[in-house]
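A, B, ... follow the sequence lines: proteins, then strands. Residue 1 opens every chain. All figures in this text were calculated on a predicted structure; none of them were measured in a lab.
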Amino acid sequence: MEIALVLGIPLLGGLVLALVGHKRWAPEVNAAMSFATFCAAALLTAKVVADGPMVALEEQFFVDPFNVFLVALTAFVGFTTALFSRPYMRIEEHHGRVNSARLRLYHSMYQLFSFTMVLCLLSNNVGILWVALEGATLSTVLLVSLYRTPASLEAAWKYFILCSVGIAQALFGVILLYFAAEKVLGPGGTSLLWTHLYEVRHQLEPTVLSLAFVFLLVGFGTKVGLVPLHNWLPDAHAEGPTPVSAVLSGLLLNVALYAVVRSKVLVDGALDRNFSGNLMMGFGLLSVVVAAFFLSRQKDIKRMFAYSSVEHMGIMTFAFGMGGPVAAFAGLLHMTVHSLTKSAIFFTVGHASQKTGTQNMDEIRGLIESNPTIGWGLVLGSLAILGMPPFGVFTSEFMVLTTAMHEHSWATPFLLVALGVAFAAIFGKVQPMVFGATTARRLPHPPALIPVFVHLAIVLMLGVYIPPYLVDWYRQAARLIG
Amino acid sequence: MSLASQLVNLLAAFLLLIAFAMLSQRRILTLIHLFAWQGVALAASTFLVAHTTGQTHLYFSAALTVLLKVMLIPWVLHRLIDRLNVKWDVETLINIPTTMLIGIGLAIFAFALAAPISQMASTLTRSTLGIALASVLLSFLMMIVRRKAVPQVIGFLAMENGLFFAATSATYGMPLVVELGVALDVLVGTFIFGIFFFHIREQFDSLEIRHMEKLKED
């Protein structure tokens, strides 16, 4: 029942907003729909916490601590982003960058995008997960090109082609997985269900599964933004509207990583050596290092934070690749704090670039003077994402680093150097943007900055004190994937 | 080897041949025809597998392929290139003989990769997994070497054909719900590509990807 609500509300929202998305009150409807989704997700979470994992609708959907935690996170950030997008898109309309027809497309696709992500998380069927992930690309591609500028069209084309090609590789992986599973479970619908696959994972053919995992990792990894498959990510983040950048970075990347981690657990059961873990650690470490060195070369503020997302997805992939309860716990915590912090940063960045009329960091100056909340929001967000204590990112990065020192000490210097380079790059660029004199204009609508501080407050809390039920929850999830 | 499996092998060979033909073809209109013929070969082999094994859901899959990949998508592409007036010859990044040589290399690689898995397949069409993988990789190559938007999309769709063929040849097809979902994605994707063509042309007055290489790291 709760599952039907979580899936049904955004789908309904997408249909309703396809009809009324151009109306003056459409942003409010959008936020209300996202709020309803969030409430449904909260109900679902409460139920799973109380009753444990469950399957529904002829086993086509299933919920366990791992995916329910991501559903809750997705619904929450989806809601706060909808709140942020309310004044943001109005200001964009005021500046003449979008018209009402495109706003209708935007609102409708925003809800459909939430729907595909939740479907992806809740589906028990690997094939449907694939379909939903491709659906997430399809629903955002027209959002990336919403402004119809040459650069945004180019970014959207790149996003479309690269992600479609990537995800086609993943489909081949799914076919191979089905091929292996069919031998054990017999043909038919059940042999692609995660729950059934887990039960027989020790009997699956190792050669087929190792090949399948390579395809799945490359395919889903393209959407995670792992280097060298990350080319679409900075462009799509920089050229699309900022709420889209926030949900792409904060949510879609997580969902894609979720698919990778699920496949890893399956493959680990069939292969005794740590084949999948090593691959993920390699890709993760490469992403961290390459992205950190690209950070300092950026001029566009959204592009810079997009590279920062690549870096953080690399840290998570590395953590899940190491495996074990502590690393998996750290990975889950990092997923949470990264998506909260990064979306908060995009909210402030969006309003900052609206005020200054540019995304070029050299031209953004004196944010604190012109609007202290935006300025301090950006400073605090940047400090949080750079892993300064006492924010939650510090906690998770610290856990990843200490585990790496114990188990894979060769990787620690790379991680430390990359984190240091990232710190120097981002802090060096943010500082001149927030301090100093300003030339910024006033915004025609008051910006929505409450979500920024709510997100940062949660991240701060997670750094200082993680409530016991949350610890318990992360532990349960970590046990599933560790 | 039974007659049916020989026929499936023959159709698989056609599929691979068409993939190579697409790689060497310069005219967009011919590319679309080749794509439609690839759909025919795919549908015929799916039908044959369905007939010999009695897997009824494969009949649906074959019908879906005919409807979508032989009729609807080629028709949409035809309409698009008519409306956009793009019938020019395709330029490639690498000349065609070199592309063909790379393609042969890829096909050998695909067969080598698929060999150990084909050994395990109990289906009547197991030797075709290598061909399926080869046509996926060839379509991939085509997307890389083509400079115009329309051939890239045809490459993408041909890749989807190769994947469907892999699904039927290795496993007697995916569960129906998954196949329907994938077909829906392909359909929606084609329409979005169509919308895109118009936006791109509006902005750049051409469908060449060369204009869209501004976003780079410097």
Side-chain angles (χ1 to χ4, degrees), chain A residues 60 125-135 137-139 141-142 145 148-158 160-161 164-165 167-169 171-172 174-176 178-183 187-193 205 207-208 211-212 231 234-235 238-239 294 297-299 303 307, chain B residues 55 57 113-114 116-117 119-123 129 132-133 136 139-140 143-144 149 152-153 155-156 159-160 162-164 166-167 169-186 188-189 191-193 195-196 199-200 202-204 209 211-218:
Chain A
Q60 285 301 314
N125 191 322
V126 189
I128 298 298
L129 178 146
W130 184 91
V131 170
L133 208 53
E134 172 75 358
T137 312
L138 294 177
S139 58
V141 70
L142 289 179
S145 67
R148 306 272 165 84
T149 56
S152 72
L153 278 175
E154 182 188 336
W157 181 258
K158 223 170 172 180
F160 197 12
I161 289 283
S164 299
V165 169
I167 208 122
Q169 310 300 313
L171 183 59
F172 195 74
V174 174
I175 291 169
L176 287 175
Y178 181 64
F179 170 73
E182 191 202 33
K183 296 238 170 322
T190 55
S191 29
L192 268 182
L193 300 183
E205 184 58 51
T207 15
V208 182
L211 190 60
N231 268 324
D235 298 337
E239 302 303 332
F294 268 114
R297 297 168 58 179
Q298 302 309 312
K299 296 193 177 66
R303 249 184 118 76
Y307 271 105
Chain B
Q55 298 276 332
H57 77 273
L113 206 60
I117 296 173
Q119 299 299 320
M120 279 170 253
S122 54
T123 51
L129 190 67
L133 187 58
V136 170
S139 319
F140 202 3
M143 290 182 76
I144 295 169
Q152 282 197 341
V153 171
F156 170 71
M159 191 189 265
E160 211 80 50
L163 288 168
F164 259 83
S169 68
T171 64
Y172 295 151
M174 307 273 270
L176 190 62
V177 54
V178 178
E179 280 196 4
L180 285 177
V182 174
L184 180 73
D185 275 350
V186 172
V188 174
F191 278 108
I192 292 184
F193 273 127
I195 298 171
F196 241 123
H199 292 171
I200 291 174
E202 215 172 279
Q203 273 299 337
F204 301 100
I209 304 299
H211 297 293
M212 303 210 291
E213 287 170 0
K214 303 258 159 37
L215 294 175
K216 271 188 183 157
E217 295 308 329
D218 29 38

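There is no contact between B/E179 and chain A, counting heavy-atom distances below 4.5 Å. No part of A/A238 comes within reach of chain B, as not one of its non-hydrogen atoms sits under 4.5 angstrom from that chain. Neither the backbone nor the side chain of A/A180 comes within less than 4.5 Å of any heavy atom of chain B. If you measure heavy-atom distances from B/L113 to chain A, the contacts under 4.5 Å come from both the backbone and the side chain.
When the candidates A/T137, A/L138, A/L176, A/I161 are compared by the number of heavy-atom contacts under 4.5 Å with chain B, A/L138 comes out ahead. Listed options B/L133, B/V153, B/L180 were ranked by heavy-atom pairs under 4.5 angstrom with chain A; first place goes to B/L133. Ranked by heavy-atom pairs shorter than 4.5 Å toward chain B, the options A/G135, A/A132, A/S164 are led by A/S164. Annotation: maximal heavy-atom pairing with chain A below 4.5 Å, among B/L163, B/L176, B/V136, occurs at B/L163.
Listed by chain and number, the residues in a side-chain contact (heavy atoms from CB on, under 4.5 Å) with B/A166 are A/F172, A/I175, B/L129, B/A132 (sequence neighbours excluded). B/F140 pairs by the ring-ring contact (aromatic ring centres under 6.0 Å, His included) definition with nothing, not counting sequence neighbours.
Rounded to the nearest 0.5 Å, atoms CE (B/M159) and CE (B/M143) are 5.5 Å apart.
Listed for the A/E239 side chain is no donor-acceptor partner under 3.5 Å among the backbone atoms of A/L153.
Note: A/W157 and B/F196 have perpendicular aromatic rings, judged against thresholds of 30 and 60 degrees for the angle between ring planes.
Under the 4.5 Å side-chain criterion, counting only non-hydrogen atoms from C-beta, A/T149 is not in contact with A/E154.
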